[in-house]
Amino acid sequence: MANFAELPFKGLTPLAEHDPVLYDIIEREKNRQWRGLELIASENFTSKAVIDCLGSALTNKYAEGMPGARYYGGAEEVDKVEVLCMDRALQAYGLSPDEWGVNVQPYSGSPANFAVYTGLLKPHDRIMGLDLPSGGHLTHGFYTYSKKEGTRKAVSATSVYFESLPYRVHPETGLVDYDQLQRDAGLFKPALIVCGGSAYSREWDYKRFREIADENGSLLMMDMAHISGLIATQEQGNPFEYCDVVTTTTHKSLRGPRAGMIFYKKDSRDFETKINQAVFPALQGGPHMHQIGGVATQLLEVMTPEFKAYQVQTKKNAAALSDKLVSLGHSIASGGTSNHLILWDLKPHKVTGSKMEKICDACNITLNKNCVPGDRSAITPGGVRIGAPALTTRKFLESDFEAVALLLDRTVKLAQEIQAKSGPKLKDFQAALVGHPGVKGIKDDVNKMATSFPFPSFDPAEMKYKNISGPDAA
Ligand code: DSN
């Protein structure tokens, strides 16, 4: 065995030297992000400042508890980080510390939502949230039916530990069916109604939600994860006027690191104690202080005029993409968008969302299959979800998004052509994409376009892989 005392100290060895295998994968990932068109509505490219926090000494520190009341010593500096983050979070959303409090410790959005349910509800209390195929999130309560077992299957812990009944979007308008929600809530009497979703391109009628909640003695929670950047800059309606609790992730339109936050109303119901104790010790251990540092520094950026301009441009870009697709004869759910994303209904083209996702991936365009209003099966979604936040961060403007629409139009036509030969099976379709000259043509154009735009987080000039097709290109 080596003599420990004589061994060299290796703690300052850079990753490239310490672990060339992992370093190489990260460099490939950087190249992938730079050379492609990132259209996943929930993703974004964060700043170098945020990345600096994530790779900082803050990751070394345990700090269970709240600032000033930790279970570990040596927390004086991380206390300052968390207090700064909490102060900036309230400021960024224009909230008075007398009326609202915030917990910035959730590791991400799902733990944040579950902490609210754990803190404010009893096991098996009733929840109503937007159905997953209507654009809701798993954590808003979702059941599916298992054909194999012949039973209802609770997919997320929300429906394992609580009873949930979904509300839906109207199959024709694509808008939340508030009348159905009102009728069903009157019967179901939920303890909590959740608004917000992952694939909804229109405004939320918070006033109507509040009325329905009040008719049934329900709490009202908004999960603003997707639109938290738009809300901070008043580019979407204000949920804080009507809701009891507002949760969010911090890495979507807010453009911070991956983390979560819970805002709660301060009043006689003492949500503060209940939510803080649900986060820790009920559900989580030590907060990830490097993430909290990253959120704090992102919130500083959120309060700048530049960030407001970014959100305005994100909306313009999503609208430009939608309008161009419509002008090319495509069908967009609800006829367009009021926020950062669109839902493209591919059923008229007889191409499934899964096939479109696969062919786009092969062309270095990243988006995801998604249910669209009117879909009969959630297993084979009839469309794709497309978002503007990430490419807007890279300085894409409306004309650039129109060019993206043309690339998507070419891609769906190519999908139809390939499917006509491969047949309907996804496996055969995917096999036909490999080495296809049409795919290569689109990919080359995508790479040329994407690499002509700047990139935050890291300097492309310093990447190991700079060939625009990427090291793994066919
Ligand atoms: N997975 C996220 C999304 O894509 O919308 C939600 O958590």
Side-chain angles (χ1 to χ4, degrees), residues 33 36-46 106-117 127 129-142 144 155-159 164 166 169 174 176 194-202 204 221-231 236 239 245-262 283-284 288 291 295 298 314 318 321 333-334 337-344 353-354 356-358 360-361 365-373 375 378 381 383-393:
Q33 293 185 12
L37 292 175
E38 180 52 72
L39 293 170
I40 291 181
S42 49
E43 291 188 14
N44 213 328
F45 300 118
T46 199
Y107 298 147
S108 199
S110 297
N113 288 348
F114 206 72
V116 174
Y117 308 150
I127 294 176
L130 186 61
D131 207 8
L132 189 78
S134 279
H137 190 254
L138 273 174
T139 56
H140 301 173
F142 181 57
T144 184
V155 176
S156 88
T158 307
S159 32
S164 63
V169 295
V176 169
V194 183
C195 43
S198 294
Y200 190 65
S201 57
R202 295 298 183 177
W204 301 89
M221 170 182 132
M222 168 64 175
D223 177 347
M224 65 169 180
H226 261 262
I227 53 173
S228 53
L230 293 159
I231 290 174
Q236 293 283 277
V245 181
V246 178
T247 62
T248 188
T249 52
T250 52
H251 47 273
K252 298 186 174 88
S253 58
L254 204 68
R255 208 164 67 186
R258 311 191 82 83
M261 299 194 281
I262 304 170
L283 294 170
Q284 293 192 174
H288 293 178
Q291 286 182 312
V295 174
Q298 182 55 22
T314 299
L321 176 68
S334 85
T337 176
S338 314
N339 59 25
H340 63 301
L341 69 83
I342 63 169
L343 289 170
W344 182 7
S354 308
M356 188 61 180
E357 182 187 295
K358 294 292 179 211
C360 281
D361 232 357
I365 300 172
T366 321
L367 43 67
N368 64 284
K369 59 180 176 288
N370 216 97
C371 279
V372 287
D375 274 4
V384 288
R385 184 184 67 163
I386 310 180
L391 290 185
T392 308
T393 292

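Order of appearance sets the numbers: ligands from 1, and atoms from 1 within every ligand.
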(request) Nearest 0.5 Å please: distance from the CD1 atom of Ile342 over to the CG atom of Leu39. (result) 9.0 Å
(request) Kindly indicate whether the side chain of Ser228, heavy atoms from C-beta on, has any atom under 4.5 Å from the side chain of Ser253. (result) yes
(request) Report yes if the side chains of Val372 and Trp344 come closer than 4.5 Å at any heavy-atom pair, otherwise no. (result) no
(message) Just to be sure I'm reading this right: ignoring hydrogens, which of Gly260, Gly135, Gly387, Ser42 gets closest to atom 3 (C) of ligand 1? Compare them by their nearest heavy atoms.
(response) Ser42
(message) Could you check whether any heavy atom of His226 sits closer than 4.0 Å to an atom of ligand 1, since that is the contact criterion I want to use?
(response) yes
(request) Using protein heavy atoms only, decide if any is under 4.0 Å from atom 5 (O) of ligand 1. (result) yes
(message) Under 4.0 Å from a heavy atom of Ser198: which atoms of ligand 1 are those, numbered in the order shown and with their elements?
(response) 5 (O), 6 (C)
(message) For atom 7 (O) of ligand 1, what is the closest protein heavy atom, and at what distance to 0.1 Å?
(response) His137 NE2, 3.0 Å
(message) Within ligand 1, which atoms have a heavy atom of Lys252 less than 4.0 Å away?
(response) 2 (C), 6 (C), 7 (O)
(request) Decide whether His137 and Asp223 meet the rule of one side-chain donor and one side-chain acceptor closer than 3.5 Å. (result) no
(message) Using every non-hydrogen atom in the two residues, find where Gly174 and Pro373 come nearest and quote the distance to one decimal.
(response) CA-CG, 3.6 Å
(request) Measure the acute angle between the ring planes of His226 and His340, then classify it against the limits of 30° and 60° as parallel, tilted or perpendicular. (result) tilted
(request) For ligand 1, note which part of Arg385 has a heavy atom under 4.0 Å away: side chain, backbone, both or neither. (result) side chain
